[in-house]
Amino acid sequence: AAIAGGCGLVTVCDLAIAAKESAKFGYSEVRIGFLPAIVLLFLIKRIGEGRARQLVLTGEMIDAKEAERIGLVTECVPDAALDERVSKLAENLAEGNSPQSMALTKEMFSKLDGLNFVDALEYAANMNALTRMSEDFKKGLQAFLKKERISW
């Protein structure tokens with residue numbers, strides 16, 4: 001179960017995989033006279049204001065399938081397959097992707113949200129140019145052209 005603060009942690013994750021049969025999610029803060037103040041900003045961005053209102057004002061629990069349907073989690077897998085799926089995802093991210101590129105992509109997600117369209121395009125173009133000068137890009141491009149696997 002990911003309830004209150006635990007659900008808040010899920011909300012701020014880039015990727016979240018849930019156990020289909022047993023996972024439960026809920027923002028129960030209103031039931032004890034509290035509120036999910038900081039996480040609410042992330043929740044609205046992740047699932048939209050309407051669904052966020054419903055979850056935080058009612059304090060209702062939802063299952064993994066519903067959490068996936070509304071976008072709170074990115075994937076549901078059978079309980080028995082959870083550890084294997086999470087390990088595989090972590091391995092793919094760590095071994096298959098440039099750490100620098102993932103960090104810069106995450107930075108872009110956070111900065112693009114507050115920019116108007118023209119400024120966002122300018123920022124994206126600058127990030128594109130910056131990344132083309134990085135060692136990770138050079139290494140990745142060479143491996144791509146040689147059809148070699150990259151070891152990050």
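Worth knowing before you read on, the calculation uses all heavy atoms, side chains too, and leaves out hydrogens, waters and symmetry mates. Computed from a prediction, not measured in an experiment: that's the story for all the values here.
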Is Val30 reachable from Leu40 through a run of I, L, V, M, F, W or Y residues, each pair having side-chain heavy atoms under 4.5 Å apart?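 Each belongs to a different hydrophobic cluster.
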
Transitive ILVMFWY side-chain link Leu104 to Tyr123, under 4.5 Å: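 Yes, one cluster joins them.
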
Would you say the side chains of Asp136 and Ser101 form a donor-acceptor pair under 3.5 Å?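 Note: Asp136 and Ser101 side chains miss the donor-acceptor criterion.
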
Between Thr11 and Tyr27, is any side-chain donor less than 3.5 angstrom from a side-chain acceptor?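 A donor-acceptor contact under 3.5 Å links the two side chains.
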
Taking atom [atom1] of [X] and atom [atom2] of [Y], what is their separation to the nearest 0.5 Å?
| X | Y | atom1 | atom2 | result |
| --- | --- | --- | --- | --- |
| Ile150 | Glu95 | CD1 | CD | 12.5 Å |
| Leu121 | Leu112 | CG | CG | 9.0 Å |
| Glu21 | Asp79 | CD | CG | 4.0 Å |

Please name the pair of heavy atoms, one in Asn116 and one in Asp119, separated by the smallest distance, quoted to 0.1 Å.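 Closest approach of Asn116 to Asp119, heavy atoms only: OD1-N, 2.8 Å.
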
Should Lys139 and Glu135 be marked as a salt bridge (charged side-chain N to carboxylate O under 4.0 Å, His left out) after you check the CA-CA gap, both sets of side-chain angles, and the distance that decides it? CA-CA 6 Å; Lys139 179 179 178 179; Glu135 290 304 314; over 6 Å; no

CA sep, side-chain torsions, deciding dist, call: Phe25, Ile3, side chain to side chain contact (heavy atoms under 4.5 Å, CB included): CA-CA 6 Å; Phe25 302 88; Ile3 302 169; over 6 Å; no

Going through the distances and angles, do Glu68 and Thr74 end up as a side chain to side chain contact (heavy atoms under 4.5 Å, CB included)? CA-CA 6 Å; Glu68 181 182 34; Thr74 48; over 6 Å; no

Less than 4.5 Å apart, any side-chain heavy atom of [X] and any of [Y]?
| X | Y | answer |
| --- | --- | --- |
| Cys7 | Leu72 | yes |
| Leu15 | Val73 | no |
| Lys106 | Asp14 | yes |
| Asn97 | Asn92 | no |

Show, in sequence, the C-alpha distance, side-chain angles and deciding distance for Leu89 and Ile17, and conclude whether the side chain to side chain contact (heavy atoms under 4.5 Å, CB included) test is met. CA-CA 10 Å; Leu89 175 61; Ile17 300 174; 3.5 Å; yes

Start with the C-alpha distance between Leu82 and Val86, add both sets of side-chain angles, then the distance that settles side chain to side chain contact (heavy atoms under 4.5 Å, CB included), and finish with yes or no. CA-CA 6 Å; Leu82 182 63; Val86 170; 3.9 Å; yes

